[in-house]
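As the structure is a computational prediction, the values presented were derived from the model and not from experiment. Residue numbering restarts at 1 for every chain, and letters A, B, ... go by the order of the sequence lines.
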Amino acid sequence: MEYNFREVEKRWQAFWAENKTFRAEDRSSKPKYYVLDMFPYPSGSGLHVGHPLGYIASDIFARYKRLKGYNVLHPMGYDSFGLPAEQYAIQTGQHPEITTKTNIARYREQLDKIGFSFDWDREVRTSNPDYYKWTQWIFIQLFNSWYNPETDKAENISTLIEKLRSNTLSFGEGRGEAFSSLSEKEQSDLLLEHRLAYLSDTMVNWCPQLGTVLANEEVKDGVSERGGYPVERKLMKQWSMRITAYADRLLKDLDGIDWTESIKEAQRNWIGKSEGTSLKFKLQSSAEVIEVFTTRPDTIFGVSFVTLAPEHELVSQLTTPQQKTTVDEYILFAKNRSERERMADVKKISGVFTGAYVLHPFTGKQIPIWIGDYVLAGYGTGAVMAVPGHDSRDYAFAKHFDLPIIEVVTGGDLSKEAYDAKEGKLINSDFLNGLEVKAAVKKAIAVIEEKSLGKGKTNFRLRDAVFGRQRYWGEPIPVYYENGIPKVLDENELPLVLPEVDKYLPTETGEPPLARATNWKYKPKSPFEGGKGDDAYAYEHSTMPGWAGSSWYFLRYMDAHNRKEFVSKEAVDYWQNVDLYIGGAEHATGHLLYVRFWTKFLNDLGLIPVIEPAKKLINQGMIQGVSSFVYRIENSNKFVSIGLKKDFETTALHVDVNIVNNNTLDIDAFKNWREEYKDAEFILEDGKYICGSEVEKMSKSKWNVVSPDLMVEQYGADCLRLYEMFLGPLELSKPWNTNGISGVSNFIRKLWRLYQKDETFSVSNEAATKPELKALYKTIKKIIHDIENFSFNTSVSSFMICVNELTDLKCNKREILEPLAIIIAPYAPHLAEELWKNLGHTETITYAAFPECIESYLVESTFSYPVSFNGKTRFFQEYDLSLNKEQIEKEVLTLEQTQKYLDGKAPKKVIVVHNKIINIVV
RNA sequence: GCGGAUGUGGCGUAAUGGCAGCCGCGCCAGACUUAGGAUCUGGUGCCGAGAGGCGUGGGGGUUCGAGUCCCUUCAUCCGCACCA
């Protein structure tokens, strides 16, 4: 009886759904294990074969853990707010909610076909009001919190107000003297400078085409990540998240989590901690000072000019009348350059002299002040002390404008380039002379601090995250404005539901789409209810960014239906955090940083017991598409096969990979593919049309998308699962090809046949032989090792070896085949369930016990030693494993073969490695 | 520029410092056959008739022994980047 995967897979999928087989228990005596996939954005084009790669791996792991006796939480949901649905809505007028629902339904259907063991009762959708109510609630907690540097954690804003009132603030600029006497608006403004969710005038990445601001992570090479539109810098009143308060903890806690080194490094880079010193330079002409930040205070005597960012606040004040026109022109020039232009000519040096001077803090010498756009306004103090001898950017600037270059550290050749290395001895440096760089840095800081010229300081590259989006399809920010003062809603007023609008575009006056909503105003309580009963107040019109909902979803799965809390204490105390998180590496500095930030914040408030969202993270590689091309001869409807195309002027056109087999075009299918090709003519080679191919990102527009549905239809879900794992190491990116899938398909049939006798299902109850037991237990050992090391490709290969061996042994015994069904169940669950049932079990295989590895079946009494001479293996000799090294050495030297290879010479040394190898050195 | 990764047959890949190429695809030969893109058997790194030699991007080193460890260099991919 052949294995009918279509019938079997459908039947078991129905069984699992009906019996809620994969439901995680909230209370259990079993140890817990939480396996999470990064939830998908439900796009209109459905899943392609790349999506399931990570899901299959996590599903295997989840199923394995269930067999190992764990209470496994393995949920799935949808990150369903986002730009594509909104873009589509703008084009078609279709409400994003409708397209989102349709897309989700399609995703669900596709996911179900692959046989994932998700606990669907816990599904979450970020665009669902029951969900975003709590996203808004967390926003309110962030608004109501500030970061107390003394306790090094977030606290309720009331503790700050208390400090301001009692004038006991021991840090900051001491602006709280008369807090109580400030107006409500002034108090609000002051508090906004401390709240973790705050409103401020911020330089934002503004994308005119998308009509919204973007976070730094959403801008790549000066253009928007989505759409690729130009992005410019613009000052706007914006909601932001004070993630910088957590910079140090986000950095430090990386050491405690088992994430890939590349992700951790990307985050370290992004946070960009740098330790140095602030240093004040007094202006020559006034009492004002320019403060700079430097990591090389040791080079202080090498300063030959000071450079300010064009946006620096002192620029207009210190520029001399003679230089004013030049400087103003330069500032205008710098301002109008888009980010993209600035990045494009990083190498081009531009700047102007202000005409003003500062005094060197130690020598008192005059130092010219320049303006240059290589200095960034947003980093440090927006001003640098230029040491052209030992900083390559200062060097380039000095060379370009012919400014002096002073050598203060030995070791370089300043006529050629700057010497940036942090080694060498200090020269021309007064009290630092003769010191090594490291010692000089220490000494310089000490002297600077002693003379109150500045102090040790840490800077981060990390910026606060802009949180508002001028978009429709996102969570409304639960804020209204009362006389210009932002106020958050009460918890019982949540969710603030996304209102209906007539169009999904900004208003004519450039307001976000939410400004189109009619009657969408905050109505305060009437005087009868104890309120003031004034006018209705305007709500905030921007919405939250895509990463808001995904920054805490891992918590919601623990308690998905809780109507009173975002997650109950009981649930989070039990489930803690994610044990295994699998997803793409593209979220390294976006989602994965924000989710860590919110986790730490919620922990500070005592709402959850963990400081990190996931203990272990694995990034699956990307599956790329292999595009196929046909070559159309210019001005014709004639296509030439790739081998002959050099004789013609041709245009390469993408062709649907589904009508190309092994680079050979299905000509009839091509003619039917599109009306315009109905009468196409072809120039063939060897009677075939051969297409060209190229590896590209899998995308609809490149016609290289392979949907998992087709694979499932043709080979079955188990085959797809095994094959995707068999492709190679999980972390590796690879182009999709189905060249090897027949091997996996054959393997499944071969495995099925092991359980058959005379064309029907039948296993024997005879006792297994030693070689049979060895074949099985060797595999069990390997599979346990492989799964626990996430080496799924090698485990598929081990299954193949095992089935090959058992086939050779003609093994048909229950003692072997029953455990075999269990160990393969995580990989090929449908097949395993069917075998399990046929073996006479009435329960699902999901909770069977994973077999222990019994080492005694693997013990051998002899070993066939490779005997090598000078490292080259010459022959094999079997010895009893009870023999010790000396005995083997003695034995092996008496062999005729050995004598032959020794060729009369005396062995210099004989190395015997027990159970491994014999090496004779001549 | 900084950081991370990866280089092994025709292809995807495998090898706790111990026989390089497991497993699979492809290919070659054969068996069976109601001629199928089924199934089964054998072969398949390169050079060589053979004995044998050479082989894990290149060059050094450590070691009895290196794909694996160290140094160096090249190539490809990814992330960050006038961050003082």
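Across the protein-nucleic acid pair, A:E724 atom CD and B:rG24 atom P stand 20 Å apart, rounded to whole Å. A:D786 places its CG atom 15 Å from the P atom of B:rC23, with the value rounded to the nearest Å. A:F799 has its CZ atom 17 Å from the P atom of B:rA14, to the nearest Å.
For the P atom pair drawn from B:rG37 and B:rA29, the interatomic distance equals 16 Å after rounding to whole Å. Look at the P atom in both B:rG1 and B:rG67: the space between them is 32 Å, to the nearest Å. B:rG58 and B:rG24: their C1' atoms are spaced 31 Å apart (whole Å). Across the P atoms, B:rC71 and B:rG4 are found 13 Å apart, a figure rounded to whole Å. With P as the reference atom, B:rC32 and B:rG26 are 23 Å apart, rounded to whole Å. Using atom P as the reference point in both B:rG55 and B:rC78, the two lie 33 Å apart (nearest Å). Comparing the same atom, C1', in B:rU13 and in B:rC70 gives a spacing of 27 Å after rounding to whole Å. The gap from the C1' atom of B:rA15 to that of B:rC23 amounts to 12 Å, rounded to the nearest Å.
OP1 or OP2 of B:rA84 has at least one side-chain nitrogen or oxygen of A:S274 nearer than 4.0 Å. Proximity of A:Y379 to the phosphate of B:rA84: a side-chain N or O atom is located under 4.0 Å from OP1 or OP2. Taking only side-chain nitrogens and oxygens, A:N269 never comes nearer than 4.0 Å to OP1 or OP2 of B:rC2. The side chain of A:R749 contributes an N or O atom lying less than 4.0 Å from OP1 or OP2 of B:rU39. Taking side-chain N and O atoms only, A:N804 has a distance below 4.0 Å to OP1 or OP2 of B:rG24. At B:rC40, one or more side-chain N or O atoms of A:R753 fall inside 4.0 Å of OP1 or OP2 (strictly under the cut-off). The phosphate of B:rG12 has neither OP1 nor OP2 within less than 4.0 Å of any side-chain N or O from A:K734. Phosphate proximity of B:rC80 to A:R461: absent, as no side-chain N or O sits under 4.0 Å from OP1 or OP2.
When both pairing distances are held under 3.5 Å, B:rG18 makes a Watson-Crick or G-U pair with B:rC64. Under the Watson-Crick or G-U wobble criterion, with both distances below 3.5 Å, B:rU33 is left unpaired in every strand shown. Here B:rG79 sits opposite B:rC2 as a Watson-Crick or G-U wobble pair (both hydrogen-bonding atom distances under 3.5 Å). Within the shown strands, B:rG45 is the pairing partner of B:rC54 under the Watson-Crick or G-U definition, both distances less than 3.5 Å. Across all strands shown, B:rG24 forms a Watson-Crick or G-U wobble pair, both distances under 3.5 Å, with B:rC11.
Side-chain contact between A:I349 and A:R393 is absent, with no heavy atoms from C-beta onward closer than 4.5 Å.
A:H914 NE2: more than 12 foreign heavy atoms inside a 6.0 Å radius.
Residue A:I911 places its side chain closer to B:rG18 than to any other of B:rG18, B:rG12, B:rC22.
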Restricting to nitrogen or oxygen on both sides, can you table the protein-nucleotides 75-78 of chain B pairs closer than 3.5 Å?
none

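With salt bridges taken as basic N to acidic carboxylate O contacts below 4.0 Å, one links A:E860 and A:K774.
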